[in-house]
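Presented below is the structure to which this report refers.
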Amino acid sequence: MEHHFGQDTAPASGSFDKTRVLNVKPLRTLVPVFPSPSNPASSSNPQGGAPFVCVSPSGPFPSGVAPFYPFFISPESQRLSEQNVQTPTAQRVPAAPISTAVPINSFRTPTGAANGDVGSSRKKDGTGTGRSKRKPQKKAKAQQSGGSVSADVDPDAVAADILKSLNPMVFDVLNQPEGSRDSVAYTLMIYEVMRRKLGQIEDSNRAANSGAKRPDLKAGAIMMNKGIRTNSKKRIGLVPGVEIGDIFYFRFELCLVGLHAPSMAGIDYIGSKTSQEEEPLAVSIVSSGGYEDNVEDGDVLIYSGQGGVNRDKGASDQKLERGNLALEKSAHRGNEVRVIRGLRDVQHPTGKVYVYDGLYKIQDSWVEKAKSGFNVFKYKLVRLPGQPQAYMIWKSVQQWTEKSASRTGIILPDLTSGAEKVPVCLVNDVDTEKGPAHFTYIKDLKNLRPAAPVESSTGCSCVGGCQATNFDCPCIHKNGGYLPYSAASLLADLKSVIYECGPSCQCPPSCRNRVSQGGLKFRLEVYKTKNKGWGLRSWDAIRAGTFICEYAGEVINNARVEELGGDNEDDYIFDSTRIYQQLEVFPGDTEAPKIPSPLYISARAEGNVARFMNHSCSPNVLWRPVIRENKNESDLHIAFYAIRHIPPMMELTYDYGVVLPLKVGQRKKKCLCGSVKCRGYFC
DNA sequence: AGCACTCAGGTGTAT
DNA sequence: ACACCTGAGTGCTTG
């Protein structure tokens with residue numbers, strides 16, 4: 001069986017406007033700072049001149065407020081990018097100062113009264129329905145209390161803050177009539193930031209019964225309201241910037257990137273008015289399990305029409321109108337229809353994941369009786385040949401899981417020899433190499449050396465686990481007033497340091513603030529890539545913001561680094577002092593990582609899966625320092641988190657960064673990441 | 001042509 | 001169980 005998994009290329013390749021991406025994002029300084037919980041942003045260094053202060057080419061950045069990370073670019077590179085952009089239309093707005101760039105579309109009501117309050121008008125309760133012009137405002141919003149950190153934060157103010165911090169370049173990209181990989185990435189990223197931030201606020205406000213109950217909807221509404229979206233014009237066929245195999249965790253994400261406009265309905269179509277056509281045509285469908293679809297086959301989908309279900313009136317016959325009519329017309333017309341398949345997410349049993357499975361055509365349609373006894377329209381959609389695998393990858397993984405098919409090329413079923421809770425298999429289906437050079441698998445850091453003492457603390461006393469509503473929890477305080485992780489254990493926003501609970505805390509191991517301590521959760525595999533040696537990927541999809549693993553190995557000092565890096569050319573060193581390039585795709589990445597003192601980890605002789613992660617200039621994983629509370633010693637770890645949603649079997653990569661200046665004997669390595677934004681080398 | 005209003009359409013999360 | 005938000009469609013108003 002041929003495998004097409006892991007093409008060893010970044011997802012980005014191919015469909016790019018290369019003129020657009022020439023500009024290089026600035027490197028970021030990694031200034032070592034001894035964080036003090038009271039003033040974590042301070043860059044004053046009590047140790048005095050650290051030996052490795054690096055200066056960013058685009059700096060100097062003022063200490064304190066870091067530029068909103070993913071978007072800050074230097075004026076130079078911005079100008080560059082503008083020269084290089086081929087502007088297709090004359091109406092492109094010039095780059096404007098941030099404040100004026102923000103509102104793309106009109107705000108309906110700047111006070112925030114309008115957003116979200118409009119809906120749900122059709123309660124069939126008869127009491128004063130429809131008549132009143134203004135719906136009653138549900139939220140008595142109290143946004144004035146300026147002092148406290150987390151109580152009564154107005155969602156719209158939060159959104160405005162986030163938007164204000166974006167680089168105008170982002171809006172420039174979003175304003176392009178055609179979507180691009182960048183515009184899609186930015187849109188999803190902003191949505192992610194907004195959703196997580198609103199969720200975080202809601203979380204800590206739950207007692208006060210305020211905040212957005214559905215952060216996904218709230219964030220979506222704000223985005224729509226302000227026009228932060230891409231590909232807003234409906235189209236038949238492929239959507240620029242969205243690639244087959246891309247995955248989504250919210251219906252609003254599909255909407256915002258132009259893949260499927262309705263926030264709920266499963267059928268999207270171009271109406272007879274909006275297009276020049278005189279009949280409606282279907283453009284995309286979502287098969288999400290709400291109807292009795294047949295999804296057994298990877299290339300054929302039997303899809304049910306919409307309607308016929310009504311909460312109040314019960315089941316009824318479906319009618320040939322709206323989406324159903326559009327599908328019918330499309331069947332005759334033979335136009336391509338995008339298919340998004342919704343699946344239960346194994347990692348989050350409560351949620352769903354949506355897989356963009358590319359283009360299909362409707363081959364047949366008929367009416368049949370559903371289990372309810374009423375008529376339902378059925379449509380047979382057949383996948384167009386020659387498209388990359390998407391849904392099929394999920395099916396394969398499922399088969400491997402159920403053992404109804406076996407993974408080919410397995411060399412070792414578990415290279416951790418049971419050290420991890422989840423087996424990590426070693427696979428080679430490209431050549432005959434029998435495995436990477438010998439090493440010992442360890443889960444943790446060795447020779448953990450006490451880092452600089454932090455403020456004396458005995459840890460928290462949250463016996464039942466830290467709660468977002470507990471404003472007295474010292475661990476929450478250290479993180480700036482919020483738990484760093486969402487209820488779904490996603491990184492809520494990206495701080496320079498993450499303070500987790502540790503040995504001296506009284507909370508249980510299940511505490512929400514111990515996310516990086518739970519070990520591996522995903523079924524990873526170490527596999528032979530086509531041209532980059534061994535790499536790492538996951539059988540499971542990984543949602544943006546999820547903790548993946550830490551970097552295990554032996555903590556070594558600078559002298560040893562030089563020793564190893566010199567002659568021996570140690571490829572397995574994690575070096576926290578490197579400068580790394582701006583990632584342009586991370587939600588809420590407001591601060592660069594800061595480490596109390598330089599940290600070097602060698603994973604050559606001993607290490608975990610992280611040692612197999614290759615470099616990419618367009619990575620899908622990033623690292624953050626995590627400090628675990630441990631009396632007066634800070635227990636420092638390096639944790640890896642997903643930058644974006646990562647589909648199964650896609651290689652996991654992070655940015656190795658660059659060493660400036662190059663150490664003696666160190667040479668640059670040619671980068672093979674294949675990204676259009678490739679720097680050409682890494683260290 | 002432009003706007004106000006209604007209604008279909010399910011989803012995500014908590015209980 | 002519960003709280004929602006967009007877009008199509010319809011009908012009325014206005015230039």
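So you know, we letter chains A, B, ... as the sequences are listed, proteins then strands, and number each from 1.
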*asked:* Rounded to whole Å, how long is the line connecting atom CD of A/Gln306 with atom P of C/dG9?
replied: 11 Å
*For A/Gly290 and A/Ala487, take the nucleotide of DNA chain B holding the closest heavy atom to each; which residue's nucleotide lies nearer the 5' end?*
A/Gly290
_Residue whose nearest DNA chain C nucleotide is more 5′ - A/Leu217 or A/Asp268_ = A/Leu217
*Rounded distance in Å - NE2 (A/His348) to C1' (B/dT11)*: 17 Å
*With no angle test and no hydrogens, is the base of B/dT13 tied to the side chain of A/Arg214 by a donor-acceptor pair under 3.5 Å?*
no
*Please work out if A/Gly266 contacts a base, only the sugar-phosphate, or nothing of the nucleic acid, heavy-atom cut-off 4.0 Å.*
sugar-phosphate
*Which of these nucleotides, C/dC4, C/dT6, B/dG12, is closest to any side-chain atom of A/Met264?*
C/dC4
_So, OP1 or OP2 of C/dA8: does either fall under 4.0 Å of a side-chain N or O from A/Lys234?_
yes
_Enumerate the salt bridge (charged side-chain N to carboxylate O under 4.0 Å, His left out) contacts for residues 254-268 of chain A, please, sequence neighbours excluded, ordered by first and then second residue._
A/Lys234-A/Asp268
*Quick one: do A/Lys395 and A/Gln398 satisfy side-chain hydrogen bond (donor to acceptor under 3.5 Å, both in side chains)? Show the steps, please.*
CA-CA 5 Å; A/Lys395 293 210 73 129; A/Gln398 193 190 346; 5.2 Å; no
*Does A/Tyr354 make a side-chain N or O approach to OP1 or OP2 of B/dG12 shorter than 4.0 Å?*
yes
*Ignoring backbone atoms, test whether A/Arg251 places a side-chain nitrogen or oxygen under 4.0 Å from the OP1 or OP2 oxygen of C/dC4.*
no
*asked:* From CZ of A/Arg196 over to P of B/dT13, roughly how many Å is that when rounded to an integer?
replied: 13 Å
*Using whole Å, report how far CG of A/Asn225 lies from P of C/dC4.*
16 Å
_Categorize A/Arg195 for me: base, sugar-phosphate, or nothing, with a 4.0 angstrom heavy-atom threshold over every strand shown._
nothing
*Which nucleotide sits closest to the side chain of A/Arg322: B/dG10, C/dT6, B/dA8?*
B/dA8
_Length of the CG-C1' vector between A/Leu256 and C/dG7, whole Å_ = 14 Å
*Nearest-Å distance, CZ (A/Phe252) to P (B/dG12)?*
11 Å
*Can A/Glu279 and A/His332 be counted as having a side-chain donor-acceptor contact under 3.5 angstrom?*
no
*asked:* Let me spell it out: for each of A/Gly351 and A/Glu321, pick the nucleotide of DNA chain B with the closest heavy atom. Which residue's pick is nearer the 5' end?
replied: A/Glu321
*asked:* Is it true that A/Arg523 and A/Thr401 share a donor-acceptor pair across their side chains at a distance under 3.5 Å?
replied: yes
*How long is the line joining NZ of A/Lys352 and P of B/dG12, in whole Å?*
6 Å
*Under the side-chain hydrogen bond (donor to acceptor under 3.5 Å, both in side chains) criterion, do A/Ser516 and A/Glu500 qualify, and how do the steps go?*
CA-CA 8 Å; A/Ser516 80; A/Glu500 287 194 0; 3.0 Å; yes
*With respect to the side chain of A/Asp216, which nucleotide from B/dG10, C/dT6, B/dG12 is positioned closest?*
B/dG12
*For the pair made of CZ in A/Arg344 and C1' in B/dT11, what is the distance, rounded to whole Å?*
11 Å
_Residue pairs, two or more places apart or on separate chains, that pass salt bridge (charged side-chain N to carboxylate O under 4.0 Å, His left out) and touch residues 351-365 of chain A_ = A/Arg341-A/Asp357, A/Asp357-A/Arg383
*Hey, is the side chain of A/Ser288 poking within less than 4.0 Å of OP1 or OP2 on B/dG10, counting only N and O atoms?*
no
